[in-house]
Amino acid sequence: MKKLCKINRKEIRQSMPFVLSVVAKPRYICEQCARVSSDKSLLCKPVKIKDYKQKK
Ligand SMILES: [Zn+2]
């Protein structure tokens, strides 16, 4: 599976069903790209969103 972070702007449209399915209920955010995903293996530098919310 291609990482969400590696999808380029030309691939976004054709990957949309997949993209929507992983960003709908995000649990992780990529610290390098600001992309979000429910699956951390799809991000290059995943961090739990929950952890950030608690750090505030
Ligand atoms: Zn990334």
Side-chain angles (χ1 to χ4, degrees):
M1 186 67 73
K2 190 162 190 168
K3 284 185 191 247
L4 208 54
C5 292
K6 301 293 181 190
I7 292 177
N8 65 41
R9 63 182 65 176
K10 285 177 183 170
E11 294 170 315
I12 292 172
R13 275 173 184 251
Q14 67 196 49
S15 306
M16 198 54 85
F18 165 70
V19 172
L20 288 174
S21 73
V22 297
V23 304
K25 290 179 180 173
R27 290 173 58 219
Y28 298 90
I29 183 162
C30 179
E31 277 191 320
Q32 287 189 356
C33 321
R35 286 175 160 101
V36 295
S37 170
S38 57
D39 183 348
K40 69 176 181 179
S41 65
L42 298 173
L43 303 172
C44 59
K45 198 153 190 253
V47 176
K48 275 186 181 171
I49 292 174
K50 207 177 168 186
D51 289 351
Y52 266 111
K53 287 182 176 172
Q54 287 170 347
K55 271 182 198 168
K56 246 202 298 187

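Whatever order the structure lists ligands and atoms in, that order sets their numbers, starting from 1. Nothing fancy with the numbering, it's 1 onward along the sequence.
Distance check: Q32 CD to L43 CG gives 10.5 Å after rounding to the nearest 0.5 Å. Once rounded to the nearest 0.5 Å, the distance linking CD1 of I29 with NZ of K48 reads 15.0 Å. The NZ atom of K45 sits 15.5 Å away from the OH atom of Y28 when rounded to the nearest 0.5 Å.
Of all the heavy atoms in S38 and K25, the pair that sits closest is CB-O, 3.4 Å.
Taking the charged nitrogens against the carboxylate oxygens, K2 and E11 do have a contact shorter than 4.0 Å, which makes a salt bridge.
The set of protein atoms (N, O or S) found at less than 2.8 Å from the Zn ion (ligand 1) reads C5 SG, C30 SG, C33 SG, C44 SG, by chain and number.
Across C44, S41, S37, a single residue satisfies side chain to side chain contact (heavy atoms under 4.5 Å, CB included) together with L4, and that is S37.
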